[in-house]
Amino acid sequence: MSTDRKKWIVVGILMLLWGITASRPVSAQEDRLPEQGSMECENYEKMEYVLRDGTLTISGEGDRLREDDQVFFGGREEIRRVEFAEDCKMVDITKMFVACPNLKEVKLSPRIEDMESAFDSTGLEAVPELPEGVENISRAFINCTGITQVDFAKLPATITNFTRAFQGTSITTAKLMVRDGKKTGAFDYSYCLAHCPYLTDVVFDGVSLNNAAYLWLEGLCDGCESLKTFELKNVPASNVQQGIYNGANMFRGCSRLTTVKNCGYFFYSVAGAFEDCVSLQTIQTRGFQGMFAGDCLLDTFKNCKVLRGSFYLAFHNTSNIYQIAKSSTDLKESVGNPFKNCGSGLALHIGCKDLVAYLNKRDTKAKFYYWKAGDPTGGYTSQKKTISTLKLTKYKRNTKKIIGKTVKKGKVTVKVSGKTYKATANSSGKFTVKLKKILKKKNKIKVTVSKSGYKTKSKTFKVK
């Protein structure tokens with residue numbers, strides 16, 4: 001065996017061992033934690049601590065521990081209480097107390113904003129008072145089996161990331177709500193309550209959602225074997241994504257679930273949403289709209305033996321499901337048999353002819369119908385492409401020339417100062433328009449481009 005080959009084999013083994021070590025969870029540390037110490041933080045200031053009689057006091061000007069020091073306190077059996085001093089400047093406590101089995105009580109600093117995995121697998125029996133201003137509690141209390149209830153009404157309104165926050169806890173009921181009525185974008189509850197073995201009922205009140213905010217509920221109750229009912233209520237009718245945005249794996253494996261109520265729609269994806277919900281009888285929803293991903297139906301209703309109802313499903317007009325439907329191989333990989341072992345009481349009206357034809361050939365008693373009104377493209381054969389580029393690269397005031405870029409060979413129409421000009425983009429997408437009058441400050445330029453097989457696109461620019 002050559003020397004070079006031996007060298008690379010050794011390197012490979014070392015890398016493998018490093019990967020295994022790096023992936024291990026934090027476990028109890030055998031060495032005793034020094035009674036006091038300090039560590040330099042990312043802002044080059046010190047975080048200081050003192051441990052007396054099981055109480056760990058954190059102070060200092062440091063803002064967040066460096067990555068290599070994040071689990072310094074992790075797995076310490078001697079830590080029973082944590083207190084942040086009033087002058088403590090910590091804003092990020094990511095992973096700081098992971099797997100401290102005897103940690104029961106915490107007093108947090110009002111400056112903390114990020115608590116990701118802070119109390120993962122600790123002995124906490126209740127959620128401590130969280131600082132108003134914290135935004136991220138993802139995995140903060142995951143696997144804290146001593147926690148039996150969470151008062152979501154008392155959690156700070158500033159939290160937007162609840163990903164796996166209470167996964168694996170012992171809570172029995174959950175009343176979720178949005179408290180920040182001004183926040184736009186996603187409230188992320190991905191897997192927030194997943195694998196809670198005693199959870200039986202969940203209610204989500206969306207009354208405070210503004211028109212531009214939406215609920216990302218992927219995997220919310222995944223693996224909750226005792227869950228019986230779920231309800232989303234009071235989402236304003238004016239909300240742009242009224243209902244659940246991404247319900248993938250939301251109730252997967254909830255074998256005792258009987259009823260799901262969604263006051264709005266399901267959007268984006270429901271892959272695996274109701275998989276193995278063998279007791280599910282009723283889904284109350286306005287339908288399934290804007291399904292986007294190609295695998296958005298993968299295993300959706302698999303083994304829903306007693307589910308009854310007639311549902312309407314439409315894809316987003318740019319979903320690649322219409323291209324996937326051209327190939328039975330691709331369709332099988334992306335969609336599979338999402339209605340396997342479903343009963344004859346389930347009917348789906350779907351906005352894609354080819355998908356309906358495919359599903360009707362699968363091993364299921366469910367019924368499928370083509371829903372013309374739900375087909376935003378009229379079928380993939382007539383689907384038009386989107387013009388991705390339309391910009392002006394030169395349109396300075398006191399000049400008579402406009403230069404831009406768009407789809408190659410696109411037909412361009414420019415309107416400015418009451419005049420209309422036409423041009424054709426070259427093979428690189430570049431186009432030039434010569435004007436009769438010079439451009440003036442605040443002139444508006446409306447550019448429209450069209451091409452066969454593409455959707456017409458328009459954009460307005462203002463001269464500076």
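Computed from a predicted model, the values in this text were never measured in an experiment.
- With hydrogens and angles ignored, the 3.5 Å screen pairs no side-chain donor or acceptor of Ser319 with any backbone N or O of His316.
- Both the sub-6.0 Å distance and the 45° axial angle are satisfied by Lys353 relative to the ring of Tyr370.
- Residues passing the salt bridge (Lys or Arg N to Asp or Glu O under 4.0 Å) test with Asp120, sequence neighbours excluded: none.
- Using a 3.5 Å distance cut-off with no hydrogens or angles, the side chains of Ser334 and Asp295 do not pair a donor with an acceptor.
- Classification of the Tyr322-Phe315 ring pair by plane angle, with boundaries at 30° and 60°, yields perpendicular.
- Dense packing is recorded around CD of Glu42, with more than 12 heavy atoms of other residues, nucleotides or ligands lying under 6.0 Å away.
- Glu61 is linked by a salt bridge (Lys or Arg N to Asp or Glu O under 4.0 Å) to Lys89, counting only residues two or more places apart in sequence or in another chain.
- Residues Phe339 and Phe368 place their aromatic rings such that the two centres sit under 6.0 Å apart.
- When the side chain to side chain contact (heavy atoms under 4.5 Å, CB included) test is applied to Ser238, the partners found at least two apart in sequence or on another chain are Asn211, Pro236.
- With no hydrogens or angles considered, no side-chain donor-acceptor pair links Tyr214 and Asn246 at under 3.5 Å.
- Using modelled atom types, one side-chain atom of Thr393 and one backbone atom of Ile403 make a donor-acceptor pair closer than 3.5 Å.
- Gln242 and Arg286 are linked by a side-chain donor-acceptor pair at a separation below 3.5 angstrom, with hydrogens and angles left out of the test.
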